[in-house]
Amino acid sequence: MALKRKDILTIRELEAEEILLILDTADSMKEIASREIKKVPALRGKTVINLFYEPSTRTRTSFEIAGKWLSADVINIAATASSVTKGESLLDTGKTLQAMHPDVVVIRHPAPGAPKILADCLQASIINAGDGAHEHPTQALLDLFTIRERLGRLEGLRAAIVGDISHSRVARSNIAAMRKMGIEVRVAGPSTLLPRLPEQLGVRATCEIGAAIADADVIMMLRIQRERQGPTLLPSLREYSRLFGLTVERLKKAKEGVLIMHPGPINRGVEIAPEVADGPYSLILDQVTNGVAIRMALLYLLTGGQPAER
């Protein structure tokens with residue numbers, strides 16, 4: 001089965017049924033990781049290009065592994081090693097890549113809307129791997145997958161997202177994805193880092209972390225997006241950690257068995273204490289593992305891949 005769309009640009013454009021299809025497909029893909037030989041021929045003959053204009057460890061590596069485990073030919077291009085350094089535009093880069101007939105282009109870019117520009121002019125499927133402070137749809141999908149895998153459901157859960165909400169593409173995508181799947185979302189952080197009109201996002205906002213996490217089933221901590229902030233939004237990281245960091249003491253006031261998540265990279269001792277990040281309720285490494293499965297599912301579904309004989 002294939003998705004009835006060419007591209008994955010935002011969570012908001014996906015229907016709940018499509019999200020469930022992706023999650024169910026990822027569930028079957030995850031089994032490949034447990035094999036001695038982690039390779040299936042589902043995308044043999046397909047070409048995937050990873051075009052990253054920003055640094056990335058988890059996302060780029062997981063897309064690369066996902067493509068290779070499905071037997072696709074995977075090409076990695078970093079902007080610092082491409083003709084972008086010579087002044088080539090994104091559109092010209094895209095047209096150049098299209099002339100080589102790739103099947104999928106995965107793009108991360110600091111400018112919101114960059115994946116849409118490529119999607120409008122390329123025949124290849126485009127997957128948004130993060131565009132500025134806009135969206136990060138595959139992160140939201142892997143987060144939903146991780147929650148469902150642990151709790152067995154999504155509908156009726158409560159989630160608290162804590163940190164730099166305004167500048168976080170992860171928060172934006174997760175809020176949309178969670179609400180589509182029936183999860184109640186609260187956001188918490190300093191007033192300078194909260195959305196101005198949270199009701200437009202369908203969430204409740206608070207400047208008290210305790211109020212946000214009190215009865216949450218899932219707590220998602222976010223990194224402070226220093227690279228996207230102005231210099232005066234926070235007095236200091238120490239002050240932020242004191243007021244909003246997830247510590248062992250704060251966790252004692254949360255729901256027993258609450259799940260702890262973080263999209264990474266983690267700033268230990270700032271947004272989350274090491275004891276919490278490495279604690280029994282932490283799903284941070286599960287998120288990394290599940291990122292490969294979700295990205296395998298997307299590559300497979302977008303290209304209409306079919307399992308070949310072994």
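For the single chain, residues carry numbers from 1 onward in sequence order.
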Presence of salt bridge, Lys255 and Asp217, under 4.0 angstrom: yes
Under the salt bridge (Lys or Arg N to Asp or Glu O under 4.0 Å) test, residues paired with Lys6 that sit two or more places apart: none
Glu64-Asn76 side chain donor-acceptor pair, cut-off 3.5 Å: yes
Test: Arg108 cationic atom under 6.0 Å from Phe52 six-membered ring centre, within 45° of axis: no
Backbone of Val40 reached by a side-chain donor or acceptor of Ser71 within 3.5 Å: yes
Exceeds 12 heavy-atom contacts within 6.0 angstrom, atom CG of Leu197: yes
Note: Lys253-Glu208 ion pair, threshold 4.0 Å (strictly below): no
Single hit among Leu193, Ile209, Ile224 for side chain to side chain contact (heavy atoms under 4.5 Å, CB included) with Phe244: Ile209
Side-chain donor/acceptor of Arg172 to backbone N/O of Ser166, under 3.5 Å: yes
Polar side chain donor-acceptor pair, Arg223 to His262, under 3.5 angstrom: no
Glu239 side chain to Ser236 backbone, donor-acceptor under 3.5 Å: no
Distance-only side-chain donor-acceptor flag, Thr146 / Gln287, under 3.5 Å: no
Donor-acceptor contact present, side-chain Arg169 to main-chain Gly132, <3.5 Å: yes
